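The model shown is predicted, which means the values in this text are computed figures rather than measured ones. Basis for what follows: all heavy atoms, side chains included, without hydrogens, waters or symmetry-related copies.
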Amino acid sequence: MNLKKLEAFIMVVEKNSFSEAAAVLKSSQPSVSLKVKSLEDELGFELLDRGASGIRPTPAGMVVYTAAKDIANRWRTLEGELGEFQGTLTGTLTIGASTIPGTYLLPGWVKKFRRLFPKVDVKIEIGDSKKILEKLQNHQVDAAIIGMKVESRLLKSKPVALDSLVLVTPVDHPLVQEASADFSQIQQYDFVLREEGSGTRKMMEHFLAEKGLSFEDLTVAVSIGSTESLIAAVEAGLGISFISRLAAMPAQKAGRIMIVDTFEPYEREFCLVTHSDAENRPIIRQFSDIVD
C-alpha cells in the first residue's frame with residue numbers, strides 16, 4: 001500500500017467525485033480511479049458505492065477513510081519533524097481565511113513565514129467564514145483565520161488579532177454632519193449588507209442585538225458577497241453599512257467613504273483555527289507562532 005492510493009481515496013470521498021478529486025490532486029481521472037481500484041483490490045473490500053445518487057463510501061469505506069486520514073496526518077507530521085531535524089521545513093501549508101483577515105492581515109504573516117521557511121509552499125483560499133470553516137473540517141485547508149471563535153472538541157481556536165466594526169456612509173451623508181446622533185437613527189437609511197455566512201454580517205447581527213435591534217428593523221437595499229463590493233456600493237450611495245475598520249480606513253483615506261465616529265465601534269477578534277490532532281505538526285506550529 002502507498003500513500004498516494006490513500007490520498008486519492010480520501011479526496012474522492014471528500015469531493016464525492018472522481019473528476020473533482022483528480023483536479024485537486026492535479027492528476028487525471030483515470031489515474032485516480034486506478035489508485036482507488038488498486039486500494040480496493042489490495043484490501044479485499046469495495047470501498048465506494050457508485051450509485052445513481054453519487055459516490056458514497058461503503059461501511060468498510062468509512063472505516064478505511066477514517067484510518068487513511070489518520071495515516072496521512074501522521075505522515076505529514078513526520079515529514080515536518082524530519083525537516084526540522086535537518087534544519088529546514090518543507091511541505092505545503094494551505095491556509096483558509098475569511099475576507100478581512102485574508103486581505104489585510106494574512107499577506108504580512110505569510111511574508112514573514114516565507115522569509116523564515118522559504119521551502120514551504122503556501123497556498124491561500126479566501127471565502128466567507130462559514131465556507132472556510134467547512135473546508136477546515138473537511139481537511140481541505142490546514143488552518144483557518146476567521147472572524148469567529150469556534151467551540152469544538154475537534155478544533156482548536158485562539159485569538160490572533162483585533163478589529164472593530166464601524167459605521168460607513170457616502171461622503172455627503174447626513175450622518176457625517178451630525179455632531180451627536182442616537183443609534184436608532186440608522187433605521188432611517190437604506191443598508192448594504194454582506195452575504196449570509198459572512199463573519200462581518202454575523203458580528204453586525206450581534207452588534208445590533210446589543211442595541212436592541214435586528215436586521216428586520218433595517219431597510220436592506222442589497223446584500224453583497226465581498227467587502228470591496230460593499231464599499232463600492234456605499235460609495236455609490238446605495239446605503240450605509242457596518243464594516244471592518246481595517247477595510248474602511250484605506251477607503252476613507254482615498255476619499256471614497258466616511259467612517260462615522262459618533263457611535264462606539266464594536267470590537268471583534270480574528271481567530272486561528274486548527275484541527276486538535278494537527279496542532280503539533282511543525283508547519284502549523286511554526287505558522288501559529290508567527291501569527292500569535
Side-chain angles (χ1 to χ4, degrees), residues 3 7 11 23-26 72-129 131-150 155-164 198-200 226-228 231 243-254 267-292:
L3 194 61
E7 289 175 339
M11 197 54 62
V24 172
L25 295 170
K26 296 181 179 178
N73 285 334
R74 286 173 181 267
W75 182 259
R76 284 194 291 268
T77 299
L78 175 61
E79 287 180 321
E81 289 174 347
L82 290 175
E84 282 192 319
F85 181 74
Q86 294 173 337
T88 184
L89 200 61
T90 60
T92 301
L93 174 65
T94 304
I95 308 165
S98 54
T99 306
I100 299 301
T103 302
Y104 300 98
L105 296 173
L106 190 54
W109 289 332
V110 170
K111 181 180 179 181
K112 185 176 180 181
F113 181 83
R114 289 277 299 146
R115 189 164 61 242
L116 293 172
F117 308 107
K119 292 187 178 181
V120 175
D121 181 18
V122 179
K123 299 179 180 179
I124 298 174
E125 297 192 20
I126 305 294
D128 67 53
S129 295
K131 290 179 181 177
I132 291 299
L133 189 57
E134 287 175 356
K135 289 195 171 192
L136 179 67
Q137 291 170 325
N138 292 330
H139 294 273
Q140 293 171 284
V141 299
D142 299 309
I145 300 174
I146 56 178
M148 62 177 69
K149 191 169 184 178
V150 179
L155 301 174
K156 183 177 180 181
S157 176
K158 72 170 184 176
V160 292
L162 284 175
D163 188 22
S164 59
S198 158
T200 297
S226 75
T227 298
E228 182 52 40
I231 290 172
I243 66 170
S244 159
R245 183 178 288 276
L246 288 171
M249 288 181 68
Q252 176 173 263
K253 187 175 180 181
E267 291 193 346
R268 65 170 175 174
E269 295 175 328
F270 290 120
C271 294
L272 172 67
V273 187
T274 56
H275 286 278
S276 299
D277 61 359
E279 61 180 316
N280 288 322
R281 279 181 56 199
I283 286 179
I284 294 177
R285 187 174 68 245
Q286 295 290 356
F287 179 72
S288 178
D289 289 344
I290 284 173
V291 304
D292 196 357

message: Would the distance check show the side chain of H275 and the main-chain N or O of D142 forming a donor-acceptor pair, the cut-off being under 3.5 Å?
response: no

- request: Check the pair K158 / S288 against side-chain hydrogen bond (donor to acceptor under 3.5 Å, both in side chains), numbers first and verdict last.
  value: CA-CA 9 Å; K158 72 170 184 176; S288 178; 2.8 Å; yes

query: Between CD1 of I95 and CD1 of I124, what distance do you get to the nearest 0.5 Å?
result: 5.5 Å

task: Write down the atom of L133, the atom of V150, and the distance for their closest heavy-atom approach.
output: CD1-CG2, 3.9 Å

- request: Indicate yes or no: at least one non-hydrogen side-chain atom of L105 is less than 4.5 angstrom from one of V160.
  value: no

I100 CD1 to I126 CD1 distance, which is reported to the nearest 0.5 Å: 10.5 Å

- request: State, to 0.1 Å, how close R114 and K119 come at their nearest heavy-atom pair, and which atoms those are.
  value: NH1-N, 4.1 Å

- request: Taking all heavy atoms of W109 and all of F287, pick out the closest pair and write down the distance.
  value: CB-CE1, 4.4 Å

- line: In this structure, CD1 of I145 is separated from CG of L106 (nearest 0.5 Å) by 5.0 Å

query: Roughly how far, to the nearest 0.5 Å, is CD of Q140 from CE of M11?
result: 7.0 Å

- prompt: Minimum heavy-atom separation for G147 to F270, with atom names?
  reply: CA-CD2, 3.5 Å

message: For the backbone of R268 and the side chain of D163, can you confirm whether one donor and one acceptor N or O come within less than 3.5 Å of each other?
response: no

- line: Distance col, row I284:CD1 vs L272:CG, nearest 0.5 angstrom, shows 8.5 Å

- request: Please report the closest heavy-atom contact between A248 and I243, naming both atoms and the distance.
  value: CB-CD1, 3.8 Å

- line: dist T274:OG1 -> L136:CG (nearest 0.5 Å) comes out at 7.5 Å

- prompt: For L25 and E7, which heavy atoms make the closest approach, and how far apart are they?
  reply: CD1-O, 4.3 Å

message: side-chain contact (heavy atoms from CB on, under 4.5 Å) for E269 and L162? Distances and angles first, verdict last.
response: CA-CA 5 Å; E269 295 175 328; L162 284 175; 3.6 Å; yes

